[in-house]
Amino acid sequence: MSKLPLLPHITVILMLLSSYFPLLVSSAKCHKDDKKALLKLFSRPEDLSWSSSTACCSWPGVICTSDTGRVISLDISSVNITGTISPSIGDLPLLFSIDIQYSASLTGTIPYSITKLPLTSLTIRFTSLSGPIPGFLGELKELTNLDLSGNLHTGPIPDSIASLPKLDRLTLFGNKLTGTIPPSLFRGLTSRNLLYLSDNLLTGEIPISLGDADLGYIYLAGNRFTGDASFLFSESKQANEIDLSRNQFEMDMSSLSFPQNLRLLDLSFNRIKGTIPASLARLNDLNSFNVSHNMLCGRIPTGAQMKSFDASCYQHNKCLCGTPLPSCHH
Ligand SMILES: *[C@@H]1O[C@H](CO)[C@@H](O)[C@H](O)[C@H]1NC(C)=O
Ligand SMILES: *[C@@H]1O[C@H](CO)[C@@H](O)[C@H](O)[C@H]1NC(C)=O
């Protein structure tokens, strides 16, 4: 006799079971250890509508493997999480991506147990996390993206983070970080990386390694950086966006050449002297440009995108002239 006729019966039994015990079936889609860890993760799981009576893989922000019901990603934004991140975060062994955003009531620091995770991406931004950026994040050797922007972090950028071998996106803007950029940052990486350190209290000269790294996006605005950053510029580089505004960079713009794909260049509020090179007017993709509040002189070049930049982009320099400023006197 074939066993096949049994199958419909099993289906009926399962259907009956699931209608009487719906939780039995759905909770199969949630590894029990992961559920336990998640329920301890924040002091008020109910903030997130995480309820122990449902399967954790169906909770808002929780993404699991479909077969084993293990948590692989947390994606929580615009939830007002009250309290701190518990060390139980380390008890989600397959978690490779954390993205927590816009939670002003989330306080404390990142627990050390996070180093047990196979993280490739860690984003905790616009929260009230405070204290130094933990040096132990340097143990997350697979990390390619680290974003701790808009928190209340103080202290330096740890060397251990700057040395992470695969890190290609580092976003720490809008904290109160001090000290210099570690010279090891992006050393050996040449893949249009992103560095976003604007609006901190960082000081000193920027390391030469940032020139070699051939960054795609460089945002260093609103710090206290000094020195000559001209090594970031050359025709052969790949940068799309460079914002060095509101610092104390001193360099001669006359000698700069520019990455051909440059779309944004903001050098406003620095101590930049010299003239604006004519080669700038050949950048067809440039759509945002500002050199106001420097010490530039001479004729503003014309051509390509230059006519889209108004006088405010050139105001408060030493002696710039020509469209859109008053014409040059001979
Ligand atoms: C979040 O909760 C805190 C404390 O309960 C409250 O002060 C704050 O206004 C809340 N923020 C939002 C965006 O709801
Ligand atoms: C250029 O920068 C100055 C100084 O921050 C600002 O006032 C001006 O509006 C900017 N121009 C444009 C077009 O963004």
Side-chain angles (χ1 to χ4, degrees), residues 125-126 149-150 171-178 181 194-206 210 215-234 237-329:
R125 65 200 314 236
F126 299 105
S149 51
T171 309
L172 302 174
F173 72 81
N175 283 285
K176 294 195 169 77
L177 301 176
T178 50
I181 300 179
L194 175 144
L195 180 63
Y196 202 153
L197 301 178
S198 298
D199 298 309
N200 280 290
L201 304 167
L202 298 166
T203 50
E205 301 195 5
I206 59 173
L210 292 189
L215 294 151
Y217 304 86
I218 313 165
Y219 287 88
L220 302 177
N223 282 285
R224 296 165 185 175
F225 290 119
T226 53
D228 187 340
S230 50
F231 58 82
L232 293 177
F233 296 87
S234 96
K237 291 198 182 299
Q238 308 188 58
N240 291 132
E241 302 184 3
I242 301 179
D243 185 354
L244 306 181
S245 64
R246 295 178 286 120
N247 280 290
Q248 294 154 30
F249 287 115
E250 289 181 57
M251 52 195 183
D252 187 341
M253 194 168 180
S254 331
S255 58
L256 296 186
S257 62
F258 300 96
Q260 290 306 291
N261 299 320
L262 203 58
R263 293 192 301 247
L264 178 148
L265 179 62
D266 194 341
L267 300 175
S268 61
F269 283 101
N270 278 286
R271 296 173 186 163
I272 294 166
K273 57 185 181 27
T275 57
I276 302 176
S279 62
L280 191 86
R282 292 195 289 270
L283 300 177
N284 291 316
D285 296 331
L286 193 66
N287 59 39
S288 182
F289 174 68
N290 203 327
V291 289
S292 63
H293 297 269
N294 280 294
M295 302 183 300
L296 292 164
C297 216
R299 188 183 291 276
I300 296 168
T302 53
Q305 302 304 309
M306 297 309 284
K307 52 186 166 308
S308 53
F309 309 129
D310 65 27
S312 73
C313 305
Y314 303 100
Q315 66 191 346
H316 293 280
N317 273 283
K318 204 165 131 205
C319 46
L320 284 176
C321 60
T323 318
L325 298 182
S327 59
C328 302
H329 300 289

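Numbering of ligands and ligand atoms starts at 1, following listing order.
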- Item | Pairwise side-chain hydrogen bond (donor to acceptor under 3.5 Å, both in side chains) hits with a residue in residues 307-316, at least two apart | D310-S312
- Message: Going by side-chain hydrogen bond (donor to acceptor under 3.5 Å, both in side chains), name the pairs with one or both residues in residues 280-292, residues two or more places apart or in two chains.
- Response: N290-S292
- With distance as the sole test, does S254 use its side chain to make a donor-acceptor pair with the main-chain N or O of T275 at under 3.5 Å? yes
Under 3.5 Å: N or O atoms of ligand 2 paired with protein N or O:
unit_1	atom_1	unit_2	atom_2	d
ligand 2	2 (O)	N290	OD1	3.2
ligand 2	2 (O)	N290	ND2	2.3
ligand 2	2 (O)	S292	OG	3.2
ligand 2	7 (O)	Q315	NE2	3.3
ligand 2	11 (N)	N290	ND2	3.0
ligand 2	11 (N)	S312	OG	2.9

- Please determine, by modelled atom types, if S149 and R125 share a side-chain donor-acceptor pair under 3.5 angstrom. yes
- For D199, enumerate each residue passing the salt bridge (charged side-chain N to carboxylate O under 4.0 Å, His left out) test, keeping only those at least two apart in sequence or located in another chain. R246
- Query: Under 30°, 30 to 60°, or over 60°: which ring-plane class applies to Y219 and Y196, parallel, tilted or perpendicular?
  - Reply: parallel
